[in-house]
Amino acid sequence: MHTSFAGKKIVLGVTGSIAAFKVAGWVSALAKDEARVRVIMTQAATRFVTPLTFAALSGEKVVSDMFADDEGPEISHIELGKDADIILIAPATAHTIARMAHGLADDLLSATVLAARARIIVCPAMNGQMYAHPATQANTARLRELNYQVIEPACGMMACKDEGQGRLPEWEQVREILLRHLSAGDLQGQRILITAGPTREPLDPARFISNRSSGKMGYAMARAAYRRGAEVTLISGPTALPCPEGVRRVSIQTAEEMRTAVLAHFSEATIVLKSAAVADFRPETRYADKVKKDQAELSLGLIANPDILQELGRKKTGQLLVGFAAESGHLLQEGKKKLQKKNLDLIAVNNINQENTGFEVDTNQITLIDRQNVIELPLASKERTADLILDHVITLL
Ligand code: PMT
């Protein structure tokens, strides 16, 4: 039961802010993800972006006038609100927020909001002074009381060149919030501990041993688990990725630090997903000062790092333990060996010799091995792969 936009009905209310042009990109992304987007524009919004832009991007007629003769009964405010999965108001001006807070219904968008049964999500975007004004703050508080979700605007420089809090949030953040609302919530009540990324084993202040893991697979697991209602703790090695919405992240560098962080959170977890690529070895000596060219020995002494997953396999008390394996051959054999040796419930094996799978890329192709089954997942985005792994985890709970 993976989460996606495919077939979902999103009503997007666009109001009169310069940020309306950014939302055109959101419509394009939603349409690519196969959502059905119906755009309602306020009259003011049509002064910033033409309805034709949204119509072309959504492939649907854009509506703005409650009394237009040619819009037909099938797009009345009642119809628009009735079968929407989500109503998203973005950008929401101070004026539109005030009207919604007071239950006004004098245009198509506000009437649709009042008539809707769907979840209503509001993205305020305006000048920082306007957002901070007690009237706007009281109106957004009223929307929250009415059970609308108000996404805090971002801080930074606005179109008017003022600095402050009033910028439209980034699409990635809004996308995650929408997907969480659309999910079945089938991991609610689960506390999931996920490891992601590489570890770095320092040789001196300038150099380290590491591997090619980007963290993409583990972060995709964390996002998918949170969307599906789990409480997620992510123990992450160094990556360039932002912390996923709603996820508690603990950043570490070395395998030893990862072990300490994992053990600190292990007893409270119900599911553990170990997708990190932990360095198996670290330099025998860690030099306090940078090793100079002329003092360097030609061979580097290494010692083994603790096998964190194997330790968890010995210590587990009811947690569902999922390992990952990056293999370059004999996938089934190696996967089964690790499943037994580390006392796992499931192992997700990727072939790192194949194009488009494993390290760094955005796609993966995993073979899932549990005590009874071997399941070949299709080559898919890491986002979809994460959902498919979680689908299987749920069957084992
Ligand atoms: O981060 P990406 O660029 O998206 O790439 C994703 C990935 C290829 C890193 C990921 O999908 C993956 O396969 N992760 C596991 C890689 C790995 O370390 O495999 P392994 O066969 O060396 O280890 C097996 C398991 O033991 C893993 O769950 C690992 O976290 C764990 N382990 C390994 C060594 C060690 N000292 N301690 C461990 O806990």
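Start at 1 and go down the list; that is how both ligands and their atoms are numbered. Quick caveat: nothing in here was measured; it's all calculated off a predicted structure.
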Does [X] have a non-hydrogen atom less than 4.0 Å from ligand 1?
X	result
K342	yes
T195	no
A276	yes
S275	yes
E311	no

Considering the heavy atoms of [X], write down every atom of ligand 1 situated less than 4.0 Å from one of them.
X	result
G215	1 (O), 2 (P), 3 (O)
K216	1 (O), 2 (P), 4 (O)
K382	2 (P), 3 (O), 4 (O), 5 (O)
P306	35 (C), 36 (N), 37 (N)
G358	5 (O), 8 (C)

N or O contact, [X] vs ligand 1, cut-off under 3.5 Å:
X	result
E360	yes
I352	no
A277	no
L309	yes
N305	no
F324	yes
V361	no

Open item on the list: The criterion is side chain to side chain donor-acceptor pair (under 3.5 Å); which residues satisfy it with E231, sequence neighbours excluded?
Closed with: none

Within a strict 4.5 Å, meaning less than it, do heavy atoms of the [X] and [Y] side chains meet?
X	Y	result
L12	L88	yes
E327	K338	yes
N305	E201	yes
S110	T96	no
D33	S4	no

Would you say the side chains of [X] and [Y] form a donor-acceptor pair under 3.5 Å?
X	Y	answer
Y287	R207	no
T233	R248	yes
S236	Y219	yes
D370	H392	yes

How far is [atom] from its nearest protein heavy atom, and which residue and atom is that?
atom	value
atom 19 (O) of ligand 1	A326 N, 3.3 Å
atom 34 (C) of ligand 1	D280 OD1, 3.2 Å
atom 6 (C) of ligand 1	M217 CB, 3.6 Å
atom 37 (N) of ligand 1	I308 N, 3.1 Å
atom 2 (P) of ligand 1	S214 OG, 3.4 Å

- [ ] Select one of side chain, backbone, both or neither to describe which atoms of N350 lie under 4.0 Å from any atom of ligand 1, heavy atoms only.
- [x] side chain

Task: Proximity of Q310 to ligand 1 by residue part, where a heavy atom lies under 4.0 Å - done: neither

Task: K216 side chain vs G197 backbone, donor-acceptor pair below 3.5 Å - done: no

Open item on the list: Using the rule side-chain contact (heavy atoms from CB on, under 4.5 Å), only one of L368, I271, L388 pairs with V393; which is it?
Closed with: I271

TODO: Under 4.5 Å between side-chain heavy atoms, chaining through other members, with only Ile, Leu, Val, Met, Phe, Trp and Tyr counted: pull out the rest of the cluster around L339, sorted by chain and number.
DONE: L193, I235, V250, I252, M258, V262, L263, F266, V272, V278, I308, L309, L312, L321, L331, L332, L344, I347, V349, I369, V374

Task: Nearest option to atom 28 (O) of ligand 1, as decided by whichever heavy atom of K274, M258, E327, K338 sits closest - done: K274

- [ ] Please say whether more than 12 non-hydrogen atoms of neighbouring residues, nucleotides or ligands are located less than 6.0 Å from CG in D106.
- [x] yes

TODO: Taking atom CD of Q129 as the centre, report whether more than 12 heavy atoms of other residues, nucleotides or ligands fall under 6.0 Å from it.
DONE: no

